[in-house]
Amino acid sequence: MSMTPQALDSDRFKADMRDSLLKATKNSRVVKVGKNEKVYLVGDPRETIYFIESGQIKLVMLSAEGRECMLAVHGSGDVFGELCLSGLGGRLETATTMEDCSLKEIPSDKFLSRLSRDSLLQGFVKYLTVRIADQQQVIANLVTVDSEHRLGETLLQLARKFGKKDPRSIRIDLRISHEELATMVGTTRPRISVFMQRFRNLGLIDSSTEHHFIIKERKLTAYLTSIA
């Protein structure tokens with residue numbers, strides 16, 4: 001699984017930020033949140049940023065019709081809730097755990113002070129820019145690419161972020177349901193199930209005994225190119 005220079009830079013920054021925040025929160029209380037529980041809801045006024053020590057978090061927004069749209073999935077070493085830095089007032093998304101999580105909560109002013117002290121502000125700006133670019137690509141795909149292609153791209157993105165090398169390709173060490181994939185792709189759960197079965201029949205994906213997805217990166221990439 002090759003990595004772009006941008007991805008390598010992002011990983012290096014994440015490691016530096018993780019080390020900085022671990023020091024900053026060494027004596028802070030660990031926030032334990034159980035699986036499928038809300039960390040915060042839309043409209044929550046608290047201006048704090050969360051650092052994930054362990055576990056996975058999904059960020060979700062609701063459309064005017066009440067449909068869920070999953071914005072991102074974050075794992076160990078990531079931060080979330082940084083939109084509170086915008087000063088718009090109130091959370092714009094809901095954060096929900098995908099498994100049991102250990103979090104550290106950091107007031108926004110202390111978060112920025114810590115990054116400044118450790119000369120990480122410039123890296124943080126680049127880190128946020130990469131996130132914005134990823135979300136812009138998601139928006140572009142919603143407009144220009146069909147649901148099957150979007151699902152394939154989503155699986156590749158999850159593999160590159162959470163994947164571990166497996167003898168068969170990349171194993172996503174994250175249990176994600178068809179319903180959750182549907183909210184990420186912008187389609188229905190039944191259609192996701194149809195596409196996933198097609199990918200399995202074509203040998204593009206598989207499942208481990210622990211029900212983790214196995215992504216055949218090269219094959220899936222080639223297939224998506226062929227149907228573009």
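Sequence positions, counted from 1, serve as the residue numbers for this chain.
For residues 97-110, the salt bridge (charged side-chain N to carboxylate O under 4.0 Å, His left out) pairs, not counting sequence neighbours, are R46-E105, E53-K104.
Counting side-chain heavy-atom gaps under 4.5 Å among Ile, Leu, Val, Met, Phe, Trp and Tyr, the cluster of L71 also holds V31, V33, V39, Y40, Y50, I52, I57, L59, M61, F80, L103.
For the atom pair CG of L21 and NZ of K26, the computed distance is 15.0 Å after rounding to the nearest 0.5 Å. Here the straight-line distance linking atom CG of L41 with atom CZ of R91 works out to 10.5 Å at 0.5 Å rounding. The line from CE of M70 to OG1 of T96 is 9.0 Å long, rounded to the nearest 0.5 Å.
At a threshold of 4.5 Å between non-hydrogen side-chain atoms, the residues T94 and K38 count as touching. For the pair H74/R131, a side-chain contact is recorded, criterion being any heavy-atom separation below 4.5 Å from C-beta on.
The existence of a salt bridge linking D206 and K216 is excluded, since no basic side-chain nitrogen approaches an acidic carboxylate oxygen closer than 4.0 Å.
Scanning both residues, V73 and K161, for their nearest heavy atoms gives O-NZ, 2.7 Å. When all heavy atoms are compared, the tightest approach of N36 to T97 is N-OG1, 2.8 Å. Pairing each heavy atom of K165 with each of R171, the nearest pair is O-NH1, 4.3 Å. Looking at every heavy atom in both residues, A159 comes nearest to I215 through CB-CG1, 4.0 Å. The nearest pair of heavy atoms linking R191 to S147 is NH1-OG, 3.4 Å. Between R150 and V145, the shortest heavy-atom distance links the atoms NH1-O, 2.6 Å.
Between L204 and the choices T221, I214, L220, the side-chain contact (heavy atoms from CB on, under 4.5 Å) rule is met once, by L220.
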I'd like a table of donor-acceptor pairs (distance under 3.5 Å, sequence neighbours excluded) in which one partner is a side-chain atom from residues 116-126, with atom names and distances.
| unit_1 | atom_1 | unit_2 | atom_2 | d |
| --- | --- | --- | --- | --- |
| D118 | OD2 | S20 | OG | 2.5 |
| D118 | OD2 | R114 | NE | 3.2 |

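Under the 3.5 Å distance criterion, with hydrogens and angles disregarded, a donor-acceptor pair is assigned to the side chains of E210 and S208.
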